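Read the structure below first, then the notes.
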Number of protein chains: 2
Amino acid sequence: MAPARRSVVDDSVTRTALLDATEALMLEEGYAAVTTRRLAQRAGVNNGLVYYYFGTMDGLYIALFRRGAERSLARLKEALQSPQPLWALWELTRDFSSNALTMEFIALANHRKAIRAEIGAYSRKFRMLQLEALSDVLAGYGLDPQRWPPASLLVLLSAVSRFLHIEDAFDVDIGHAELVAVIEREIRALEGERRPTEQDALAGSTG
Amino acid sequence: MAPARRSVVDDSVTRTALLDATEALMLEEGYAAVTTRRLAQRAGVNNGLVYYYFGTMDGLYIALFRRGAERSLARLKEALQSPQPLWALWELTRDFSSNALTMEFIALANHRKAIRAEIGAYSRKFRMLQLEALSDVLAGYGLDPQRWPPASLLVLLSAVSRFLHIEDAFDVDIGHAELVAVIEREIRALEGERRPTEQDALAGSTG
DNA sequence: GTCTATAGCTGGATAGAC
DNA sequence: GTCTATCCAGCTATAGAC
């Protein structure tokens, strides 16, 4: 098992092609469409190479998840340094691109125990990063931490963006616009009108 | 296809046993564990009977989803007639039993287009029922419908309960208790302290 | 209605040549 | 590193006996 574990480099062209093919297949047809044969066809290589590079299918999934999680982590750190971190965080969590793949991984984790721990660990890391960065910011906005604990508001933002995305997939949108309006009104009350900065624009196109 | 479509009765012992086995397998091991062979083994019948009763695997899933959705619909209607409908709705959506199976169906719908429409239709039905029942109630509580549109609050409750359940599966609970406390405080402000009534107790054990 | 038997396919994974 | 070839398992679905 786990033959030829890649070094820290991880920059093989074939390896990257397999990860890209996995991501594309998961987004287009769901994780169930990801088979070694279809990957090989799409990446233009042989299916045996999946085992050479990743050992098992679980290894493949975890490698892909980490690649995406590390990218999101970088985007999160950028957002939290924005002059309007609440706005930046809200826009980041609402971003479709990272959400779609995450939903596939959540579904996958239902019966792939190996990646469940991986997702949990990164989720905790994300939450803690947000909490450390925003606790003081929210207090600075005059928010009573007893009445509105920072952690509760962060969970709320994540919950809403994730849920709206789920329902979108089912063509359900009753109340969505109203809820988004309420949330953005409350963010505006704390942080003022959204002012796109060069830094934000950069973070949006880079991350 | 779809041989021997059951009549309105749907009360065959074997058919029910197959549905029960499907539900149990989905909850215990995820929908991927639901194969005709494992179903047959669990229900103590032959795997060919799946096709006799449901035509295809999709037919089986849809039949199970509808059975659960109709039960939930009945529970929702009861909850909305409670003297404290907000409390009753919150507790209903937080209930684990219906949530766990729903999550599996959401995952399943990612690559089973047939049941996607089914879930969407029922979701819209649920949302509209809640909206019709609670719009006047919320106005009666003195809530400004311009500032806090009923639909936005209903989506919020659904989003939070669903999201907390998802994260629970990954052993992530940072901020959960805080958010629940905030929500229940706000419900309390509108509807007063939770008073379990006989009707609520009945709905809890029946539905 | 329920069974046995099996066709027909697809998948994960491995061995070994180059 | 990449390939061919293959083993073996598991699945959906159907045919047909009872």
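The analysis underlying the following values was restricted to heavy atoms, covering all of them including side chains, and did not include hydrogens, waters or symmetry mates. Below, chains carry the letters A, B, ... as their sequence lines are ordered, and counting in each starts from 1. Fair warning: this is a prediction, and the values are worked out from it, not measured in the lab.
Here C/dA5 is the nucleotide among C/dA5, C/dT2, D/dT6 with the atom lying nearest to any side-chain atom of B/N47. Side chain of A/Y53, nearest nucleotide from C/dC3, C/dA13, D/dT2: D/dT2. Minimum atom distance to the side chain of A/M57 is reached by C/dA13, of the listed D/dA13, C/dG11, C/dA13. Nearest nucleotide to the side chain of A/T14, out of D/dC7, D/dA13, D/dT2: D/dT2. Comparing D/dC3, C/dT2, C/dA13 by their nearest atom to the side chain of B/Y52 picks out C/dT2. Here the nucleotide nearest the side chain of A/Y51, chosen from C/dG1, D/dA13, C/dG12, is C/dG12.
Distance A/R112 CZ to C/dG11 C1': 11 Å, rounded to the nearest Å. Rounding to whole angstrom units, CG of residue A/L49 and P of D/dA5 are separated by 16 Å. Rounded to whole angstrom, the span from the CZ atom of B/R15 across to the C1' atom of C/dT2 amounts to 17 Å. Atom P of nucleotide D/dA9 and atom CZ of B/R38 are separated by 17 Å, given to the nearest angstrom. Distance CG (A/L18) to C1' (C/dG12): 15 Å, rounded to an integer number of Å.
Between A/N46 and A/T35, the residue anchored closer to the 5' end of DNA chain C is A/T35, taking for each the nucleotide with the nearest heavy atom.
Between A/L153 and A/L134, every side-chain heavy-atom pair lies at or beyond the 4.5 Å cut-off. A 4.5 Å side-chain heavy-atom check between B/L89 and B/L154 finds at least one atom pair inside the cut-off.
Counting any heavy atom pair closer than 4.0 Å across all strands shown, A/V45 reaches sugar-phosphate atoms only and no base atom. Residue-level contact check: A/V34 touches the backbone only, with heavy atoms under 4.0 Å from sugar-phosphate atoms and none from bases.
Within a 6.0 Å radius of CZ in A/R66, no more than 12 heavy atoms belonging to other residues, nucleotides or ligands are found.
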Does the salt bridge (charged side-chain N to carboxylate O under 4.0 Å, His left out) test come out yes or no for A/R94 and A/E184, once each step is laid out?
CA-CA 12 Å; A/R94 294 261 299 154; A/E184 299 194 342; 5.2 Å; no

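In this structure, A/R185 is not positioned above the aromatic face of A/W90 in the sense of NZ or CZ being under 6.0 Å from the six-membered ring centre and within 45° of the axis.
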